[in-house]
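What follows is a short report on a single structure.
Below, chain A is the first sequence line, B the second, and so on; all start at residue 1.
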Amino acid sequence: MPELPEVETVRTALEPVLHGQQISTVRLTRQDLRWPLPRNLSAALTGQICGLPWRRGKYILLPLLPSGKTLLIHLGMSGAIRLYPRQPAHFGKHDHFSVELADGQWFVFSDPRRFGHLDLLESGKEDAHPLLSGMGVEPLSNHFSPAYLDRVLAARKQPIKTALLDQRLIAGLGNIYVSEALFRAGISPRRQAGNIVGKRTERLVPAIRATLTEAISAGGTSLRDHVQPGGEIGYFVQNLKVYGREGAGCSVCDKPIKMLRQGGRSGYYCPNCQR
DNA sequence: CTCCTGACCTGAGTGC
DNA sequence: TGCACTCAGGTCAGGA
């Protein structure tokens, strides 16, 4: 499910609800998701006060006081967080992790495929965490520039589509927004990453930024699983130009959108507009 | 290092 | 209805 815009949408919704709230109860129905969860997870959270949730790539990070720990959350492919004003009447079979806040609200993390993950780390030492240490730049930060992209793509033999999905280069892009950004930049997903230099990176950087920013404004893209914590869907589906539109007419030239399998994943592009 | 494949897991959709 | 099969917004481990 979630790429940067969906995760950011979730983070934004969590912020006013969690910030300053004490965790009164933790409900955990299994001791592993993608990997084994910290043994002491429930105990480490109970009684803690939530700080401001922030985001790194597709991870949500929630600082806790007074322990000085941070809860790391990854939604995997099918993870979703929902907020309820009081304890839900029924928990679903995939509601693996829930938290009751002091004001009675509930935070419920569900993840049917269990590719998501939860972990605890020391606040301030995020960069040392194995899942975060190798991550590339935040595409919405000032560190993301044509010069950066030129540098990290240099000499790469893989297709640009595959390179943009590599979280060690850029943090947060996924299958939808890579296709959309490449369309916006007029670059073929088949082009070798190492050949994307100069004018092409100068188009690609703002294309990625604009795609992500607009998707965040729309509340993300709801194709299957994505819901915002309040239950609203994300409306960026209506703005998708190529993703999932195989055979449909390109919004610019009206020639058919093509599907392309690269690195085991489907991508979409307009062979006429993207070179 | 880089690059590619398989693996993890459930559910929805499709075709017979 | 049932069954077999494919596919899905992620990403890690292992091998070439």
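- Rounding to whole angstrom units, CG of residue Asp32(A) and C1' of dC8(B) are separated by 11 Å.
- For Tyr243(A), counting side-chain heavy atoms from C-beta on, the closest listed nucleotide (dA8(C), dC12(C), dT11(C)) is dA8(C).
- Atom CZ of Arg168(A) and atom P of dA13(C) are 12 Å apart (whole Å).
- Rounded to an integer number of Å, the gap from CD of Gln192(A) to C1' of dC4(B) is 15 Å.
- In this entry the distance linking CG of Asp166(A) with C1' of dT2(B) reads 10 Å, nearest Å.
- Put simply, the side chain of Lys258(A) does not reach to within 4.5 Å of the side chain of Val242(A), judged on heavy atoms.
- No side-chain donor-acceptor contact under 3.5 Å links Asp111(A) and His96(A).
- In this structure, Trp35(A) has its ring center at least 6.0 angstrom away from the ring center of Phe115(A).
- Taking the side chain of Pro159(A) as heavy atoms from C-beta on, and the options dC4(B), dC12(C), dT10(B), the nearest nucleotide is dC4(B).
- Within the structure, every side-chain polar atom (N or O) of Arg34(A) is placed at least 4.0 Å from both OP1 and OP2 of dC12(C).
- The nucleotide whose nearest atom lies closest to any side-chain atom of Asn175(A) is, among dC4(B), dG10(C), dC12(C), dG10(C).
- Closest contact between the side chain of Arg156(A) and the listed nucleotides dT10(B), dC3(B), dG10(C) involves dC3(B).
- Look at the P atom in both dG14(C) and dC9(B): the space between them is 16 Å, to the nearest Å.
- Between His117(A) and dT11(C) there is no side-chain polar atom (N or O) within less than 4.0 angstrom of OP1 or OP2.
- Less than 4.0 Å separates DNA chain C from at least one heavy atom of each of the following residues of residues 261-271 of chain A: Arg261(A), Arg265(A), Ser266(A).
- His74(A) has a side-chain polar atom (N or O) that falls below the 4.0 Å cut-off from OP1 or OP2 of dT11(C).
- Helical stems of DNA chain C (runs of at least 3 Watson-Crick or G-U pairs, donor-acceptor distances under 3.5 Å) are listed by first residue: B:2-8 with C:10-16, B:10-16 with C:2-8.
- In this entry the distance linking NE2 of His129(A) with P of dT11(C) reads 14 Å, nearest Å.
- Look at CG on Leu131(A): it is 16 Å from P on dG10(C), rounded to the nearest Å.
- Neither side chain, Ser188(A) nor Arg275(A), offers a donor N or O lying under 3.5 Å from an acceptor on the other.
- Lys58(A) has a side-chain polar atom (N or O) that falls below the 4.0 Å cut-off from OP1 or OP2 of dT11(C).
- What separates CG of Leu33(A) from P of dT11(C) is a distance of 15 Å, to the nearest Å.
- Using modelled atom types and a 3.5 Å distance limit, the side chains of Thr162(A) and Gln262(A) yield no donor-acceptor pair.
- In the displayed structure, Arg86(A) atom CZ is contacted under 6.0 Å by at most 12 heavy atoms of other residues, nucleotides or ligands.
- Listed nucleotides: dG11(B), dC12(C), dA8(C). Nearest to the side chain of Arg113(A): dA8(C).
- The NE2 atom of His96(A) sits 12 Å away from the P atom of dC9(B) (whole-angstrom rounding).
- A cation-pi arrangement, defined by a distance under 6.0 Å to the six-membered ring centre and an angle within 45 degrees of its axis, is present between Arg27(A) and Phe91(A).
- Inspection of the Tyr243(A) and Thr221(A) side chains reveals no N or O donor paired with an N or O acceptor under 3.5 Å.
- Closest heavy-atom contact between Leu169(A) and Tyr148(A): O-OH, 2.6 Å.
- Distances shorter than 4.0 Å separate none of the side-chain N or O atoms of Lys157(A) from OP1 or OP2 on dC4(B).
- No side-chain donor from either of Tyr269(A) and Glu246(A) sits under 3.5 Å from a side-chain acceptor of the other.
- Both thresholds, 5.5 Å between centres and 30° between ring planes, are met by Phe115(A) relative to the base of dC8(B), so the two rings are stacked.
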